[in-house]
Every structure is written in structure tokens, then in C-alpha cells.
Amino acid sequence: MATATAQVVASIHLPRSPSSKTPTSIHCFRISCSNVHRTSSSSATPLNLVSRRNAFASVFQSVIYLQFGSQFNSSLAETPNVFREYIDVFDGYLFSYPKNWIQVRGAGADIFFRDPFVLDENLSVELSSPSSSRYKSVEDLGPPQVAAEKVLKQYLTEFMSTRLGVRRESNVLSTSSRVADDGKVYYQVEVNIKSYANNNELAVMPQDRIPRLEWDRRYLSVLGVENNRLYELRLQTPENVFLEEENDLRRGTRDLFFDATRDRSIVSRMFFSGDPSRKRVDLGGRSSKERDRQVLLEQTRLERKRRQGLRQQTSAAIKIQKYFRGRKAVEVERARVRILFHQTYGEPLRNLDWHCFGADSAFLRYLLFFFNANDKSDVTVLVEACRLILQYVQLGGNTVSLFAGADTSSTSFVNNRVRKLAFLCLQAVHHNRNHWNNQLLLPSKYSEMPTIILLETVACLMRPDLPWVCKVIDHLMQKKVFSLLREMVLSGVQSVKTVESRNSASSLEHVIMLIASHISHQSYNCSSVEPKWSFSSQLLSIPFFWNHLPFLKEAFSTHGLGTPYIHQMALCLPSHASVLPADISLEYPGYACLLGNLLEAASDALSSPSCNFQLAMDFLAVSTFLLEALPASKLSARDKSNENEMALDEEPIGTLDTDLEKQISNAIDSRLLQHLVNVLFSDTSLINSLETDVPSDREVEATGAICAFLHVVFNTLPIERIMTGLAYRTEIVRVLWRFIKRCHENHRWPSSSKLTGYLSGDAPGWLLPSAVFCPVYKHMLMIVDNEEFYEQEKPLSLKDIKFLIIILRQALWQLLWTIPANLPSQRSVGLPDQKKLSMEFIRYRVGIVISELLSQLQDWNNRRAFTSSVDFQAQEASSETFVSQALLGNTKASDILKQAPFLVPFTSRVRIFTSQLITSKERNGAGLHHGLGRSRFKIRRDRILEDAFSQLSVLSEEDLRGLIRVSFVNELGVEEAGIDGGGIFKDFMENITHIAFDVQYGLFKETSDHQLYPNPGSGLIHEQHLQFFHFLGSLLGKAMYEGILVDLPFATFFLSKLKQKYNYLNDLPSLDPELYRHLLFLKHYEGDVSDLELYFVVVNNEYGEQTEEELLPGGKDTRVTNENVITYIHLIANHRLNYQIRHQSLHFLRGFQQLIQKEWIEMFNEHEIQLLISGSLESLDVDDLRSNAHYSGGYHPDHRVIVMFWEILKSFSLDHQKKFLKFVTGCSRGPLLGFKYLEPKFCIQRAAPLNVTEEDLDRLPTSATCMNLLKLPPYTSKEQMQSKLLYAINAEAGFDLS
């Protein structure tokens, strides 16, 4: 192209119209640098083409013209023989191209090359698919600049490379549009593309990946549309050729188009012409000739494909024959050399001595040439030769002299021999690994075994002081030595039934250590190791690798061998995770085995003096990445299900081997976590940082790394032991709290992308630290006792806790209300494909853990207040709008009510609860009358519990929700005269709950604070005790369902069972204060706990019957020590608070949930549930009752009798006030939200005619409890009214007074 003119003419010739009897004239447009000539069809042979698919109409009547050199400044019309015509019979167009260019047929478009050896210079036509093209004009692509960007994107897609490290740079140089004579618009585009690639795409270290320029090209394109298809005429040329000839182009094209800046001429220009009056071709149908042409073309294509297949078969056969003949000749030669070798050195190597290893001896040359690991005799020869080498070295001989002699000029020759010999030794062991599997892991003392001899020889040849060690190990790495060693180790492991302790490293272990330590040593300069064949990928992915190579583990952990490999993994793993082997089984995936081995060695590595900040960060990066790939642990699923015996949902189960899971989970122990925290924060957060400092970049990186690691651990592995280790052995709670507090006070949270690369920068900076701080601190609150929390203020001061509550409340409200997202459902959490570090999952988990922590802090505040209850509430949640949205369901407000009900004020939640009860009653209203007949019961007052149990326990859930009417039978067997309109049922509920929950009945016990909880020994008293608990649960549920308050003070740890919650150590004081004090003494015991002779057993003593239970399997043989004393304490607390009453609580809960749904009761904490059951313990608010009272029969608020009545009631004692309330309403406690919510309203009715007699004034007050109605005679004096009221409310004569 630099020495000749390249003139290109592109002409599209129309096919003959089906209706025309003469060929359509063909116009060919040819352009020279000085003139534009139009030739008619008379100078060109007409071509009749048959339409194929959507045949071309006049598409590119255009020319791309390149001329180099003034000597070729002649018109194209004067050199008609410069061009050759190419006919595309498939699409039906004629294309003229330079005669000296070469056509190459391809699977796609035909391409024309000026020089077949210079592929960068070519010309082609590209066409869009007829089935998917719907173009009307080239302007459908947009303006020329937009079209140019699309063209450039298409080019980059075509030149896409799968090689590592390839980078492309591209620029649009110029764009323009022209309108042709036929009125159609055409675009011309000029672009430049450069390709850069790494000089070593397998390099691991960034400094070894140096980019270089591969090619630099200029593309000149013309775009047009015809028949709804897009066409492109493309010229490609190297950029340097273009720039070299640009000056000549400027001179040769001075009269042509120049760009606006006048600094560069456009070397591609389109000229358009045509006859607009020419009749257009109708392409709507096909003749039989066209179909024949299609058949012919298809047959031609198939024949061409068949010939191509035959050529490929022939070529392949030639290559196979050539390879076979070569291999055959080599085998013949090897057989000849083998015979010569044995003739020279004897069959059992009788003639072999140390001199035979020298550079001038043929011994090694012969052996290295003919050796075959499949030939037992060759292996025997190699073993004997290695035995002689080892003897020489053991006698103090110089290894270099043995192979090189006195000649120092043959260094390269000797190095080549030694590295091949070392590889042959490993190859022989690898090939015979299954036969020698019981020898592979033996130490060097078994020196007569062939495996030991060969491996010790390799170790001898790789001593660090030898001059050829780099060459040897470099050669072994090229042969993928770690892959061979992996298979050797796996074979050796299969033969070992039990792992025995050894005093020295095995020979295989020695070889691995030498190779691994050499590669990791920075002073050596071996070639780069491909990640797939590295030490980490091949060996550390072997299951339980360290169990069989303990000395290698020591070197890896404590001697610094692992540091460079961990760093290499941190750089390579994210992009090379797929290279880890998966050749064992699905239960032992490579990434999980690598993680287990890495974690097992990490504690020693992090505790070594050489450990630094970077090593800890690298370890966290690798571990986090591998943990993220783990499925949900089976052990974790069991832990979560055991945490709550009444949980019904099953957790997902992982697919890993159980022992492998245990290796991973056991490796993350308190020692590892302690070392991690110490290394990361010893010189930042805990020592150097001030309270008001903004966290440094290093502290932000450390916080992000450990939080990402722990977050994945918490959601993948069993967390009980891990949480305990974090809480008791590390300072992670204080570290994270200081970080959160300082960021909040300075209003400068780091971006999430700074904390970890897994999150985007727009995520809140508090998200990831909260995901770790909240569950760890929550677990710590389960462990600490009341003295530590309130008195010693550990781990956080009460002042800090108040501040923490405000921070967490704001964060939770922001998560649940301000920025809610499409969060994963409960069942999707923990699935194998769920990414633990995805934004959605972290937000979901943070919402949960913050809610749980705030709920637990609220429980502590309820035990002994240290802050206002308002601090837990969001001000926005108290509005009427929020309450109305919560009642609708499936809204943000209802979601908040489910997940974080403490954000909503208690009164608002009670209103919502009451509305839910009303809705439920309305929904069940259709069945009320249906069950009316069989829901009316006669109850004997002296047998109230037995009669109620026998009659009500058989009711269905629907009947329990309906109306229940009761009539009492007195001690004389006479049915009381009252008609139950609701008041008698209230009286019945108060009486039966008082009797059934009485400790004398044996179903319940009292704590020292007179709070009720199920009797663990109830089965010894009542044979049907579980049925009674179910019945009592339904009774309590019915009372709450009907809004009847009952005086039943339940213990907090029992009320938690109504919410299906788990009780912890800090709940124990309410049950057994003495046991709690003893456990605290044990917790803080400074001596050796094992001296106390305690075991993991507990003795139960119920009604004189003693039984012994193990707290864990094998507990009677497990002594309590300083290491497991915390576990013992919590198992004792769990036994008393959860395990002993589990059956009674479960049956009580089932009865309770027949009427009160789980989601209703979960809106309240235990303290609030007690208020729902019994109401407030404060005195009766007489003023509230007065302001909500109604009057009838002539009474009014200012009536003399009414004024006197309220004065008397206000003067009553609390006990008399409660009796009065029970007298008129049937319940001794008022509505929880006040008498405004009493239905029907309290009413005082005049109980005398207008003409009052002495007999009327002598009557007692009466009531209609179903109507909350007091019938009060118009007493004349305060003393008379008071005495009559007191007599009436204390008579307890039942409903006979009615």
C-alpha cells in the first residue's frame, strides 16, 4: 500500500426487475483524485442477477479512494484494467475492487487483501440480517456522531478478546453525512482503535504484567440503507501506513473535501449519483427460476462444505501420521539406547560408580533419554542411581563436583541434567503412587524404600546452597509439580487409617517445603506461577492437609512461609476462584478445603512475632471470599433451631462434609479472633485514637475487613461459640462502639466502598459495622449479669448505652421507613446462592439485628430503668397516619410493627391490637348464632374449674371465638337468677382464673416475688396436666380476646414463652435468686474451677423425688473447668428457665394461640403483655371514670346524689374501689387505655320512683354487669349511701342480688 496506488470502486448494480424484459442499466461510479467520471452501461457488461432474499437496490453508489504518490495522479477512466468485478450471487450485487488485491472467502462477508501476509490492510462489505433489520434510513442510527459510536462499539465487539490483560483504546476521528442524487442520506465514519496486551498474561504480580501495543488501525466506513437493511463499506489500514502517506494524500486530494479545522484531509469520500426517474424494482415475489437458482446455490454450498471437510480430514490424517512416525522412531531409538545402557553399566548397575554422574559420562545422558516411568526396570535403575547419589552426599561428598566435576564451563549442561533428573524422580513416584501409597508419608528414616530414596534425592538436588536450585525448581514448576505432589499426597492420605504423631517430617513433606519456601523467597527470580498450578490451589485445597503434614503446617504458620502465599491468594482468588480443583467429591469442594486449611493455620500465623497488619488484612480478604462461597452450615441450622424449641420453620441445610464443617467452624475460635483484633487495632483504635478523632484510613480499612469477615461468619457457621469468644476474649465490642460513636459525633461516616469492596459507595457507612456490632453486643447482654450491667457498667457505660439507643433507633427508622428496599424474604435468607455481602442481604440482616438488640436493651430497661421508655420510640410512629397505615396491612407501617414494635408507642399498639380483635370478631360473626345453643353452660360455683374444663375444653377454635354464656349454680344447687349479657361471663373468667392459677392446685408455682410460672412437677400431681395447660392457655386467650382483665401476675420468663422466646441467665433472678448468686460466684471464681468437682449434670428434686439429668451428652463424665465454666452456667440457666417447663409452656401456648395470633402478641414485650392481661397496678382513676360516665332516670352530673356518690367513691381504699368496679362491670380492673374504651359506657340509673318511700331508700344498690349499669337509689345522706355501697360490694352473694 505504501508503494502502489490503492483505488477502490464500490458499485451496487441493480438486479433485473421481474416485470422488465430488458436488463436494468448498471451505473458504475469511479473516482480519481482529479476528476469524477461516470460510465454508462455501454462500457460495462450488463449483469442479470436473480433476486435473493431482499435483493439489493442501489445501495452504495460510493467510492473509498486512497492514492499514494503523485506519479499515480491519473484518472481511473484512463486505467480501466485496474479493477476486477466481484459478483455476489447470494445477495445480488456487483462489487469492483483493485485488480491486484486478493479475495478471501469466509463464513461471513468476503474480504479483499492487498497483501495476504499483511492482514491489517483489507476491504469488506458488511450487511445486517434481513430477518431482524427494519431500517428506513441511515438516520435511524441517529446523528452521524451517534452512528459513529455504534459503529465503534460494533468494532470493539468484533475484536473482543478472551485473553487476560487485553485492553482496547478507541476514538472517533471524524463523521459526516451526504445526500446522494437519489435523495438518500449516507454517513461516512473514520475511527482509530489501538490494542494493548500484557507481555506475560499468566503473570501473578502486577509489576510483571507490562502492557504493550499490539496493533494500531484506522477504519474508514460508509453507511447506507436499502430494502430495510444496513450496509457498510469498510476499509481497514494500519495507522502508521496512513500517517506515512498522509502528506501525499494531502497533495493528491487538495481539491477534495477537507475538514473544518484544515489540519487533516479526509481520505475517504463518498460520491453519489443515480437516475431518480428509474423505475424501482419490485421484490415482492419469486419466479420458478429464482427457486431453481436457490436450489443450485444450496447444492453448491453443500458441495463446497463437503470438499472442505475432505481437505480437513486429509490434513488431520497427515498430521497424525507424522506424529505417529515421529513417536515410533523415538521409541525405537530409546529401545536401542536402553540396550546399549545395560550393556555398558550392567543389568543391576554393577559397573556404576560416582564418576558416572560427571559431565563427561554418558550415564545420565542415556538414562534421561530412555527413561519411562511405566517400565519397572527403568524405575529400578533410577532408584539405584539415586541410592548411589545419596550415599555420596551422606559421606560428605560435594554435590556440585559429583555432576560437574572440575569443569566449570559446562554449567548450563549440568543444570539441564540435574533438573531433568529431579523431575524424573518425582515422575517415577507419581506414576507409582498407588503402588507405593503406604510409603508416601513416611519419614526419611525408612531409607531403603524406593519412594523415600527418590524423594530424598529430589530434596538433595534442591538444597538452597546449590547453584542450580532456581533452574531445577523453575523446571519443576513448568511441569506443574504441585499438581503431581497433590496426587501423591491424596494417594498417601488414602492409605492412612489413623494419623500418627511423628518426630520428623516425611520425605514428601521435605520436598514440598523446599519447593514452596524457594518460590516464596523474594530473593529468587523464578518464572511466574500460574494460579491454577500454585501451592495454594493444588495443595491447600486437599482436605485436612495439615493433619498429615504437621511440620509443613508449622513452617507455614510460624516460620513465615505462609505470608507470601496468603498475599498471593488475596490478589488472585477473586479473579481465579474457578481454578481451584474439584476432583475429590461434592462434599469436599476445593474452596472449602482451602478455607479449612487456611483457618487452621491462621491462629499460629497471626500470633507469630513476624505477623503484621498487611498479613491480617490479606487473611481476612481470602477468608471472607471463601466463606462467601460456603453453603449454609448444617451445624448452624441446628444451632438456630435449638435456640427456640417451638420454632416451626426448618433452616436450609448445607452440602459440605460434616468433618469439614467442623474443621472450618472450630478453627474460628477465640484465640484466632483475639489475635485478629489485636493485630488490626492494637495501634489504632484502642491506643492512639482520641474520643473525638475521626477514624483514620487504616482504621477504616481494618474495621471494614473484620466486619465483612465476621458478618459472613455469623450467617454461615454456628455462632454460639464464636460469639462467646468475641464477647469474652476480644475487645471487638468496644472497638466497634468507639468507631460508631466517633463517626456519629463527627457526622462523617466513611463510604461503604472504603470499608469493603463488596458494597457500593452509596450504601450507608454505618451499615456494615452495625451488622457485626449489634449481634455481638446482643450476645454479650445474654451473658453478662445484672451486677456487671448496672453496677460495673460492662462492657459499655449506661451513658453510652443511652447514646447507643438513640443511634440505633435512628438507623433502624431510616432502614425501615426512610429507605426501604426490596429485601429478601425470610425463607430466602441463608440459601446457598444467597450472597452474604450483597447490599440487600446486609440491609435485611442489619434491620433484624438492630431490632433484636434494641428489644433486648428495652428488656434491661424494664428490669431496672436507666433511660426513658420514650428513647426507644420514633416520634413519627405516634401519628394517626402511621396507625391507620399499620391497620391496613402490607404497608411499611405494618412491617415496622412486626419487626420493631418498640418504635411505636404502647398506647398506639394497644389501639391497633384492639382493632385487630374487633376485626377478628366481625370476621367470625357469622358463626356466633350457629354455636349459641351449645355455647351456654351451667357452672357450679364450688366445682368451677372441673365443670369448665369438662365443658369448655371440647370447644372448637370457632366456638371459642364466639359468644359463651354462663349461668351459675350456687352451693344449694339452685341456678342463680342473673341473665348473662356478658357480665356473668366476666365474673366467671375472674373466678376460674383465680382458682386454676392458684398454686394450691399444683399447676403453677410462685417465685419469691409471687409471680406465677408452670410447675415443672405438675405431672406428678395431675395425670392430665398437659391438657389442663392447654385449657388454661385458651382461657387466658379468651380473656384477652374479650378484653377482660384478670389479676394474674406471671413471671417474665414464662411470658416470654407466649412470644416463643428463649430465656437467658439474666432472667434467672426472678425464678431462683439463690441459684443465680451461686452461678455468679462460679462465674467470677478466681481459682481453678475443676477443684470444685462439678460436672455437667443437674439434680431435679420434685416432691421428694430426685432425678439426675445430663446437661449435654456425656455430661456426667465432663468436668467443669475454667475453659467451659461459662457454658456450664448457661446450661444450668437454660435447664431451669427453658428445659424444665418446655412441655407445659408448649401446651399452654397452643391453647393461647387458638384465640390470640402470634403476630398480635409479638407487638408487645413481656412487661406490656402483663399489662394487657392484668391492666395497670396503679390506683383506680375515679376522675377518668367520672368524665366518661352516663346517667339516666333523672340523674345528671350536677345532681345532689351523683355529686355525693363520686365523693364517696373517691374516698374508698384501692381494694374497695376494685371491688366496686367488679360489682358494676364484672372485672376489678378498668380498660387498659382508660374508661373511654369501656363498652358499653358506665351508667348510673335512678333506682326509685319519683315519689320515694322509706322502703325505696332502704334498698341496696344493684348492678347489671352486662351493661356496666349501676342502679343507685336516691339516698338522702352520705353515710347511708356509703354503708349501702360497702355492704353491696362486699356481700359477694353472686347474681342473686339482681
Side-chain angles (χ1 to χ4, degrees), residues 9-28 41 44-62 83-97 99 101-113 116 122-136 154 158 223-234 274 278-317:
V9 176
S11 177
I12 303 301
H13 296 262
L14 295 177
R16 179 171 60 87
S17 172
S19 61
S20 175
K21 296 187 178 180
T22 59
T24 304
S25 62
I26 303 173
H27 301 275
C28 178
S41 58
T45 304
L47 178 64
N48 296 334
L49 297 179
V50 179
S51 173
R52 178 79 178 214
R53 300 179 183 168
N54 292 326
F56 288 84
S58 176
V59 183
F60 288 142
Q61 300 167 352
S62 59
F83 295 92
R84 176 181 288 121
E85 290 183 344
Y86 165 69
I87 303 173
D88 191 323
V89 295
F90 186 84
D91 284 307
Y93 67 94
L94 178 67
F95 180 72
S96 298
Y97 63 94
K99 191 173 185 179
W101 285 41
I102 298 173
Q103 176 190 357
V104 177
R105 295 181 180 271
D110 293 86
I111 304 177
F112 302 84
F113 295 88
N122 60 71
L123 180 70
S124 62
V125 175
E126 301 290 338
L127 306 91
S128 64
S129 170
S131 61
S132 61
S133 298
R134 294 294 182 268
Y135 295 97
K136 299 298 182 183
Q154 175 63 26
E158 292 177 10
L223 306 174
V225 169
E226 189 66 34
N227 293 336
N228 296 331
R229 297 178 67 182
L230 177 67
Y231 309 112
E232 176 190 10
L233 181 63
R234 180 195 305 178
R278 183 177 53 192
K279 184 178 180 181
R280 293 193 175 273
V281 179
D282 184 5
L283 303 177
R286 289 181 176 179
S287 65
S288 59
K289 290 184 179 180
E290 287 180 287
R291 290 193 293 272
D292 294 340
R293 173 63 65 86
Q294 274 198 323
V295 173
L296 177 62
L297 292 176
E298 180 65 17
Q299 291 175 349
T300 304
R301 187 185 67 80
L302 294 175
E303 181 64 22
R304 183 166 61 247
K305 184 177 181 180
R306 185 187 66 81
R307 289 196 302 270
Q308 183 180 2
L310 289 176
R311 288 194 297 271
Q312 291 176 346
Q313 290 178 6
T314 303
S315 175

(Q) What's the separation between atom CZ in R304 and atom CZ in R301, rounded to the nearest 0.5 Å? (A) 8.0 Å
Q | By side chain to side chain contact (heavy atoms under 4.5 Å, CB included) - contacts of K136 (at least two apart) | A |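 Only D140, N228 meet the side chain to side chain contact (heavy atoms under 4.5 Å, CB included) criterion with K136.
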Q) Where do L123 and R234 come nearest, in terms of heavy atoms and distance? A)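 For L123 versus R234, the nearest heavy atoms are CD1-O, 3.3 Å.
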Q | Contact summary for S124 and I111, nearest pair of heavy atoms | A |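 Closest heavy-atom pair between S124 and I111: CB-CG1, 4.2 Å.
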(Q) Going by the rule side chain to side chain contact (heavy atoms under 4.5 Å, CB included), which residues pair with Q312 if we only count those two or more places apart in sequence or in a different chain? (A) Q308
Q: Would you confirm whether S315, through its side chain, and R311, through its main-chain N or O, come within 3.5 Å as a donor-acceptor pair?
A: no
Q: Not counting sequence neighbours, which residues clear salt bridge (charged side-chain N to carboxylate O under 4.0 Å, His left out) with E303? List them please.
A: R306, R307
